[in-house]
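All ligand and atom numbering here is 1-based and tracks the order in the structure. Throughout, numbering of the chain's residues begins at 1 and tracks the sequence.
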Amino acid sequence: MADITKVGVVGCGLMGRGIAQVCAAAGYETVVREVAQEPLDTGLAAVHKGLDRLVEKGKLEKAARDATLANLRGTVDLADLANADIVIEAIVEDIAAKNELFGALDEMCPEHTIFASNTSSLTVTEMAAATARPDRFIGLHFFNPVPVMKLVEVVRTGGTSDESFDRVFEFASSLGKQPVACRDNSGFIVNRLLVPYMLDAIRAYEEGVGSIEDIDKAMTLGTGYPMGPFVLGDFVGLDTLYFITEIMYDEYREKRFASPPLLKRMYLAGYHGRKSGKGFYDYGGDVPVVSEFVKR
Ligand code: CAA
Ligand code: NAD
């Protein structure tokens with residue numbers, strides 16, 4: 001199997017931009033693809049800003065920032081990923097969209113290219129089945145914010161070859177991450193445990209256990225979590241969190257994975273969290289305040 005030198009990333013949203021950044025920073029020639037110029041520009045601008053902030057804080061040499069940026073190129077043309085050794089997909093959490101994408105990539109990429117999905121909860125085996133390379137198909141689940149979070153879950157399906165698994169595990173380490181091996185069960189390790197916790201916080205609020213601010217305060221000060229469950233939900237994206245609940249509930253049929261009514265309504269009303277400017281909190285002012293929507 002060829003060495004990995006060229007990386008393709010699909011999606012330049014919250015996750016794709018971070019994945020592209022860490023790949024470029026690790027010295028890989030990286031091309032990131034978006035559906036249109038505007039989201040691509042937004043994603044790449046966030047990468048620039050994040051790197052500039054690290055330089056300002058004295059955490060990164062200017063030369064390292066410039067080298068990272070020189071390794072990173074954006075495109076709206078999927079064909080620009082055709083010579084990648086690994087393609088990492090980070091588009092919307094929707095099986096039809098992911099299957100369509102992998103089907104198209106399968107036609108254009110050479111035989112040796114490994115396909116990886118950053119899915120949070122979808123079945124990797126199902127995406128692999130949309131291609132003619134299930135042995136070179138894997139889950140590669142990063143955590144938000146990607147440049148900071150050390151963990152990567154490397155998800156092996158029944159069909160992933162040992163060679164592909166070893167290659168991708170090593171690749172994840174080369175990004176400065178700590179990989180763990182997971183089986184292809186919806187949510188893998190972290191979301192299997194984290195998602196019910198976040199959903200239970202919403203149920204606790206719905207049941208009047210405490211206010212949004214107090215539940216967040218309790219979980220940060222009482223357990224040392226860096227973010228309370230509502231701040232974290234907004235950070236992940238409430239659209240993504242809602243999609244994850246639908247998928248995990250479909251897999252396990254257990255109430256703990258089901259969306260509480262409030263989450264569904266927030267998703268439907270466009271309260272998608274920090275990236276949309278409003279979620280459990282409203283981010284329009286100097287400091288976030290609890291949204292009127294959740295109080296009504
Ligand atoms: N990009 C790059 N770097 C970032 C960043 C970003 N978006 N946000 C913060 N940082 C860096 C800062 O530059 C800072 O670096 P230094 O310590 O080197 O200066 C460091 O992270 C800490 O940042 P801050 O001091 O500004 O803020 P903080 O101490 O509050 O930490 C945090 C921010 C790291 C995000 C922290 O709040 C945290 O760990 N939160 C929990 C995140 C989490 O649980 N993520 C997993 C979500 S679930 C998931 O990802 C899976 C899924 O499928 C849904
Ligand atoms: P996001 O909504 O921030 O970004 C998704 C991006 O993909 C959008 O910019 C969209 O324009 C783009 N896109 C959609 N279809 C595309 C296509 N065919 N080609 C190129 N770009 C396309 O979502 P996100 O939070 O970055 O999540 C992306 C994936 O990562 C999802 O599968 C999600 O479950 C997973 N994930 C999310 C988190 C998180 O905390 N948000 C953490 C780990 C994994």
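Listed by chain and residue number, the protein contacts of ligand 1 are Lys57, Lys59, Ser120, His141, Phe143, Asn144, Pro145, Pro147, Val148, Met149, Asn191, Leu194, Pro226, Met227, Leu232, Val236 (heavy atom within 4.0 angstrom).
Here the closest non-hydrogen pair linking Leu44 and Gly74 is CD1-CA, 4.0 Å.
Remark: Arg156 is positioned above the aromatic ring of Phe165, its terminal NZ or CZ atom under 6.0 angstrom from the ring centre and at most 45 degrees off the axis.
Sorted by first then second residue, the side-chain hydrogen bond (donor to acceptor under 3.5 Å, both in side chains) pairs that include residues 227-240, not counting sequence neighbours, are Asp234-Tyr283, Asp239-Lys275.
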May I have the N/O to N/O pairs between ligand 2 and the protein that fall below 3.5 Å, each with atom names and distance to one decimal?
| unit_1 | atom_1 | unit_2 | atom_2 | d |
| --- | --- | --- | --- | --- |
| ligand 2 | 2 (O) | Lys275 | NZ | 3.2 |
| ligand 2 | 3 (O) | Leu14 | N | 3.0 |
| ligand 2 | 9 (O) | Glu34 | OE2 | 2.5 |
| ligand 2 | 11 (O) | Glu34 | OE1 | 2.8 |
| ligand 2 | 11 (O) | Glu34 | OE2 | 3.4 |
| ligand 2 | 19 (N) | Arg33 | NH1 | 2.8 |
| ligand 2 | 26 (O) | Leu14 | N | 3.3 |
| ligand 2 | 26 (O) | Met15 | N | 2.8 |
| ligand 2 | 30 (O) | Asn118 | ND2 | 2.9 |
| ligand 2 | 32 (O) | Ile91 | O | 3.2 |
| ligand 2 | 32 (O) | Glu93 | OE1 | 2.6 |
| ligand 2 | 32 (O) | Lys98 | NZ | 2.7 |
| ligand 2 | 34 (O) | Glu93 | OE1 | 3.1 |
| ligand 2 | 34 (O) | Ser120 | OG | 2.7 |
| ligand 2 | 36 (N) | Ser120 | OG | 3.1 |
| ligand 2 | 40 (O) | Asn144 | ND2 | 3.3 |
| ligand 2 | 41 (N) | Val236 | O | 2.8 |

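Asp85 and Thr5 share a donor-acceptor pair across their side chains, judged by distance under 3.5 Å alone. Between Thr157 and Asp184, the side chains place no donor N or O within less than 3.5 Å of an acceptor N or O (distance only, hydrogens not considered).
Remark: aromatic rings of Tyr267 and Tyr271 are distant, center separation not under 6.0 Å. Under the 6.0 Å cut-off for aromatic ring centres, Tyr197 and Tyr225 qualify, their centroids lying closer than that. Between Phe293 and Phe280, the distance separating the two ring centers is not shorter than 6.0 angstrom.
Here Asp94 pairs with nothing under the salt bridge (Lys or Arg N to Asp or Glu O under 4.0 Å) rule; sequence neighbours left out.
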